[in-house]
Amino acid sequence: HSSLAATFELIIAVAGTVLYSRATSLPESTKVSEKFFLLITFAMVIISVIVLYISQSFLRITAKLSGFEKINISSHKCMGQAYSSRSCVFRDISYDFVSKEFKYYNPNKRQIIAFEGHFPLHDFPEKFVTLKSMVHRETLYWTIQKVFKHLPPEKSTKCIIHDEVLLWQSMQPINVGHVIMDDMYASFKVTENLGLSEKAKLQVILMQESCTNNVCERLENLWFPSISYKPVSHFQDFLENFSDCSEIKFKKLYVGGAGSSSMLGNLKYNGKYASKTDGYPIGNGFIARSFDRFKARVLERNKIHSHSKLKTQILLYNKTKMISNGSKILTDRSIVNLHEVSEALRKQLPYYEIKVVDPSTYESFVDELQDIAKTRVLITPPGGVMFMSLFLPEGSALIGIDACLGPRVEDCGNVEIQAIFSFLNIRILRYTPELRKDDFSSISNIYRIYKKNMRLDIERLMHLLDQALH
């Protein structure tokens with residue numbers, strides 16, 4: 001009751017429409033017998049459709065009662081041409097506790113499981129997908145073993161996972177911005193492109209070691225409820241819940257980062273290889289509207305209401321770092337003269353609320369979202385923190401401070417932000433430091449360059465604020 005029946009129904013529908021149109025458009029002089037014949041033929045077409053649906057329903061009920069309805073092989077769907085650009089959704093596969101392998105059951109030895117370099121693959125290679133959103137440091141590769149048999153019978157319902165599951169490896173869990181864009185948005189895009197329903201219950205399982213510090217735990221908590229419908233778990237911890245099972249069955253499993261990262265290097269790949277299938281990370285190229293859908297998803301699931309009327313808050317979001325003893329220190333990308341800048345803004349913009357924050361200011365991600373959602377202008381140093389501008393209300397502005405690693409404007413940061421958010425209704429303004437060519441004579445000067453970058457000229461900043469507010 002699949003494509004053959006659907007094709008038959010389409011033929012019947014077209015034939016019926018033509019017959020009915022012919023019968024009703026005949027002139028009055030036409031013999032009654034001819035009209036009657038056409039209408040009778042049309043009625044027979046309608047009856048055949050009804051009979052077809054009744055027979056299909058009968059077959060489905062019979063299959064269900066006899067047990068033939070159950071699928072007894074594994075199946076999958078993939079996008080992308082190579083492990084760095086591939087993402088897949090698997091149905092009805094298992095994980096074997098003894099061999100510690102994922103297993104794919106299908107007796108068909110001639111089955112084509114994927115294409116790589118325009119050649120068909122009949123078995124899963126050792127590097128089938130990457131679990132990170134981009135091939136990066138310490139990237140894990142994932143594969144599955146093909147078993148030329150039908151699925152074994154289900155021994156216990158306790159060993160079946162009915163939730164839709166995403167296996168993922170965090171890209172670079174060092175700050176909120178990187179987790180949001182290189183993990184949460186990347187996984188959202190991958191699963192959406194593979195057909196995940198908006199109402200589906202997706203459980204995120206991280207293929208990495210458990211957290212050993214508070215910063216890591218806080219960043220992993222960002223997944224819930226924005227992407228995962230329950231707090232994320234780590235794979236080894238997840239397996240402990242099934243200690244009584246010899247193997248567990250996944251009804252639906254998503255794997256493969258598919259080059260979905262928003263890091264600068266990946267943006268270059270996406271631009272250069274946009275129309276090629278040579279294995280570079282292009283499997284999930286940037287889709288402008290997906291940012292809007294991701295933003296809406298995060299705000300909705302965290303119960304944040306966007307403000308239709310722009311507020312008067314100017315947010316100075318500085319970068320800081322927590323060290324092992326729990327104290328907070330500045331980084332090479334922190335605004336050096338932050339107090340001087342904030343006091344000057346309060347004097348020159350008395351009708352605006354000037355608020356100074358850093359990552360440790362907020363108790364939770366929800367608090368941070370609420371603050372961003374009511375901000376008129378966001379001023380941030382370079383780095384992942386700029387990705388929080390995604391949640392700014394429409395009509396607001398971001399003033400991003402560039403981190404320059406060369407004397408040309410092209411050597412300065414914020415390329416990601418301009419490339420990603422240029423289509424959003426948010427103004428992107430760049431504060432590019434005035435540096436001399438001599439500043440870049442030696443790579444040993446990099447820390448001095450950063451500090452020089454981060455000492456803001458108040459007059460230049462006010463000029464950008466004037467553009468942002470008017």
Side-chain angles (χ1 to χ4, degrees), residues 175-177 180-181 185 288 291-292 294-300 302-320 333-335 337-402 413-414 416-433 454 456-470:
N175 60 46
V176 172
I180 287 173
M181 293 304 297
Y185 168 69
F291 284 106
D292 288 328
F294 173 69
K295 177 180 180 178
R297 164 81 66 84
V298 173
L299 294 178
E300 178 189 357
N302 287 280
K303 299 179 180 179
I304 306 295
H305 302 288
S306 58
H307 298 272
S308 56
K309 185 179 179 181
L310 283 178
K311 303 299 180 180
T312 58
Q313 177 171 279
I314 296 175
L315 197 64
L316 277 161
Y317 198 129
N318 204 21
K319 291 196 79 161
T320 58
R333 294 186 180 185
S334 299
I335 300 174
N337 56 336
L338 181 65
H339 179 72
E340 177 189 357
V341 169
S342 60
E343 289 301 310
L345 296 187
R346 290 188 177 99
K347 289 180 181 179
Q348 297 189 46
L349 298 169
Y351 299 107
Y352 289 88
E353 178 188 357
I354 311 299
K355 187 173 182 179
V356 178
V357 299
D358 61 52
S360 66
T361 301
Y362 303 104
E363 293 291 329
S364 68
F365 181 48
V366 173
D367 293 339
E368 194 166 355
L369 284 175
Q370 287 174 335
D371 214 11
I372 297 291
K374 63 182 181 182
T375 295
R376 179 70 176 271
V377 181
L378 175 65
I379 304 172
T380 76
V385 65
M386 288 187 179
F387 288 126
M388 289 303 295
S389 60
L390 174 65
F391 303 105
L392 286 169
E394 289 191 2
S396 55
L398 165 71
I399 298 178
I401 305 165
D402 282 346
N414 292 351
E416 302 104 313
I417 301 300
Q418 286 194 320
I420 294 170
F421 298 150
S422 58
F423 58 88
L424 295 177
N425 190 18
I426 297 171
R427 294 195 66 184
I428 308 295
L429 302 170
R430 295 174 63 173
Y431 180 99
T432 304
M454 296 301 110
L456 303 186
D457 181 279
I458 294 173
E459 186 176 341
R460 291 185 61 214
L461 182 61
M462 283 301 304
H463 177 69
L464 291 174
L465 271 169
D466 185 60
Q467 294 179 54
L469 296 171
H470 298 94

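Throughout, numbering of the chain's residues begins at 1 and tracks the sequence.
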Is the backbone of [Y] close enough, under 3.5 Å, to the side chain of [X] for a donor and an acceptor to pair up by distance?
| X | Y | result |
| --- | --- | --- |
| T375 | Q313 | no |
| Y431 | D457 | yes |
| N302 | I304 | no |
| N337 | L456 | yes |
| N425 | E394 | no |
| R427 | Q467 | yes |

Taking the side chain as everything from C-beta on, heavy atoms only, tell me whether [X] gets closer than 4.5 Å to [Y].
| X | Y | result |
| --- | --- | --- |
| R460 | H463 | no |
| L465 | Q348 | no |
| L345 | L316 | yes |

Grab the two heavy atoms, one from [X] and one from [Y], that are nearest each other, plus how far apart they are.
| X | Y | value |
| --- | --- | --- |
| S389 | I426 | O-CD1, 3.4 Å |
| L429 | L464 | CD1-O, 3.5 Å |
| I401 | P382 | O-CD, 3.2 Å |
| M386 | L398 | O-CD2, 4.5 Å |
| L315 | Y362 | CD2-OH, 4.0 Å |

How far does CD of Q370 sit from NE2 of H305, to the nearest 0.5 angstrom?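 If I round to the nearest 0.5 Å, the distance is 9.5 Å.
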Working to the nearest 0.5 Å, report the span between NZ of K374 and OG1 of T312.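 Those atoms lie 10.0 Å apart.
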Side chain to side chain contact (heavy atoms under 4.5 Å, CB included) partner of I399, chosen from L378, I379, I314: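 By the side chain to side chain contact (heavy atoms under 4.5 Å, CB included) criterion, I399 pairs with just one of L378, I379, I314: I379.
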Taking atom types as modelled and ignoring hydrogens, do the side chains of Y317 and E368 form a donor-acceptor contact shorter than 3.5 angstrom?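 Present: a donor and an acceptor within the cut-off.
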Given L349 and L469, is the side-chain contact (heavy atoms from CB on, under 4.5 Å) satisfied, shown in steps? CA-CA 11 Å; L349 298 169; L469 296 171; 4.3 Å; yes
Can you say whether the rings of F365 and F391 are parallel (under 30°), tilted (30 to 60°) or perpendicular (over 60°)?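 Perpendicular.
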In terms of the angle between their ring planes, are Y185 and F294 parallel, tilted or perpendicular, with boundaries placed at 30° and 60°?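 Perpendicular, since the angle between the ring planes exceeds 60°.
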